[in-house]
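Okay, so here's the structure we're looking at.
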Amino acid sequence: MENIREKLAELQGKFAEIYGVSLEASVFAPGRVNLIGEHTDYNGGFVLPCALSYGTFALGRKRADRKLRMYSDNVTRLGIMEGSLDDLKAYENDHFTGYVKGVIWAAEEAGFVCDTGMDILIWGDVPNGSGLSSSAALEVAIGLLIKTMFSFDTMTQPQIALLSQKAENEFMGMQCGIMDQFISAMGKEGHALLLNTGTLTYKHIPLELEDAEIVIVNSCVKHSLVGSAYNDRRNECEKALALIRQAMQDGVLALPASGKLPEGLCELTAEEFEAAAGVLKDEILCARAKHAVYENDRTIRAAEALSHGNTALFGKLMRESHASLRDLYEVSCEEMDILTDIANAKEYVLGARMTGGGFGGCSVNLIKAGYGKQFRKEVGEAYTAKTGKKPLFYACVPGEGARVVEPQA
Ligand code: GLA
């Protein structure tokens, strides 16, 4: 985003133009890039994302009635979409309003009841379907907007993340974990966030690299059925966990070191998983569970490497992460493998991997400092030559999490 204040001033004018009144509150919530720890966040494991400077604005004003009027300055052809607080249900033609209604609904379920309708305008610059969490940014922005407008003072940022996840899970039907919403709400400028998704405890880790830089590349590939393939992976992990727990209850397997039945696959160490693998029998379940357990271990080691400025080790773990997502978890795709193979073959690339849910979207690349231009040129040209697609490159500037942004008087 060019300049947050300038963009806000422009949107403020748009709001007055569309609704004929001035806004009462405006907020911004960022998208994210995950550095490592993929598909661990619904297995109780660690993730290591950072918030981006790209994100979503939500501007609003309370109404006297119970109507919801929603306008996206990204999809202006839709015009003002209407809904009502008395009809917080998902419909086929909801488009972006599903996220808005979903968060208002989830907040209400948690006792944060909006007592009047609203006029809302949104705009964002996280590319849709790129794996950089445009939907989480929208959800978290709406959560913070209603907190601000309705003075829900006890609603915390982690709670906004949880409400947003609930909206995505139960309203939108996407069984995502907590990573995207949590980092959008809790990001810190210049830092990555190491989050234990089993306990929601976290630590911000400085991301000021001396000898390396991070570049995000959009493969510009979007596959359909991503949502159902994602939900399938989640079910497979749940099945694997249930089998392991059963074997532990039956005394066929020893309990993990904690002495308790695991609540998520990532509670198992690699050794515990290897001992348990036999009870899974099914090859696919075994591969999925193996990815979750080893990816979690890689994430812990990567965070450690990052705190010591060991970018070489970090890069190596990124490469291993991609291989595991490709071979064991099977959430990459041909174009993404081409993109990361091209990058990983360059001696100035420390590590490249897919980021986010998968099946297209973006890669995250750790490259030696000073090679940004060469990377864009060489990787861009080679990718286009092999796929016919033109990739997009984004800088990774670790930004602050969701916040209120003051409109101009
Ligand atoms: C999507 C989901 C996240 C997470 C990632 C994979 O982004 O929304 O919860 O599971 O995929 O790591």
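Counting starts at 1 for both ligands and their atoms, in listed order. Any value given below was found using the heavy atoms of this structure, including those in side chains, with hydrogens, waters and symmetry copies removed. The residues of the chain are indexed from 1 along the displayed sequence. Because the structure is predicted, anything quoted here is derived from the model rather than measured.
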Can you give the donor-acceptor pairs under 3.5 Å from side chains of residues 261-269 to other protein atoms, not counting sequence neighbours?
from, atom 1, to, atom 2, distance (Å)
Glu267, OE1, Glu263, N, 3.2
Glu267, OE2, Glu263, N, 3.2
Thr269, OG1, Glu272, N, 3.1
Thr269, OG1, Glu272, OE1, 3.4

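- Atom CD of Gln374 has more than 12 neighbouring heavy atoms from other residues, nucleotides or ligands inside a 6.0 Å radius.
- Ligand 1 has no N or O atom lying under 3.5 Å from any N or O atom of Met174, backbone or side chain.
- Atom numbering of ligand 1 starts at 1 in the shown order; those under 4.0 Å from a heavy atom of Gly177 are 9 (O).
- Residue Tyr230 has at least one nitrogen or oxygen atom sitting less than 3.5 Å from a nitrogen or oxygen atom of ligand 1, judged on distance alone.
- Taking every non-hydrogen atom of Asp180 and a distance limit under 4.0 Å, the qualifying atoms of ligand 1 come out as 1 (C), 2 (C), 3 (C), 7 (O), 8 (O).
- Taking the six-membered ring where the residue is Trp, Tyr329 and His291 present tilted rings, their angle falling between 30° and 60°.
- Between Tyr42 and His39, the ring planes lie perpendicular to each other; the angle is over 60°, past the 30° to 60° tilted range.
- Of all atoms in ligand 1, numbered sequentially from 1 with element shown, those under 4.0 Å from a heavy atom of Met179 are 4 (C), 5 (C), 12 (O).
- Heavy atoms from other residues, nucleotides or ligands lying under 6.0 Å from NZ of Lys67 number 12 at most.
- In this structure, Phe171 and Trp105 have tilted ring planes: the angle between them lies in the 30° to 60° band.
- Residue Cys176 approaches ligand 1 through these ligand atoms, each under 4.0 Å from one of its heavy atoms: 2 (C), 8 (O), 9 (O).
- Side-chain contact check for Ile216 versus Phe393: every heavy-atom pair is 4.5 Å or farther apart.
- Scanning the protein for heavy atoms near atom 3 (C) of ligand 1, the closest one is Asp41 OD2, 3.4 Å.
- If you number the atoms of ligand 1 from 1 as listed, the ones under 4.0 Å from a heavy atom of Arg32 come out as 7 (O).
- The side-chain heavy atoms of Phe57 and Leu8, taken from C-beta on, include a pair separated by under 4.5 Å.
- Considering backbone and side-chain N/O of Asn34, none are found under 3.5 Å from N/O of ligand 1.
- Counting atoms of ligand 1 from 1 in the listed order, those under 4.0 Å from a heavy atom of Tyr42 are 10 (O).
- Considering backbone and side-chain atoms together, Thr40 places no N or O closer than 3.5 Å to any N or O of ligand 1.
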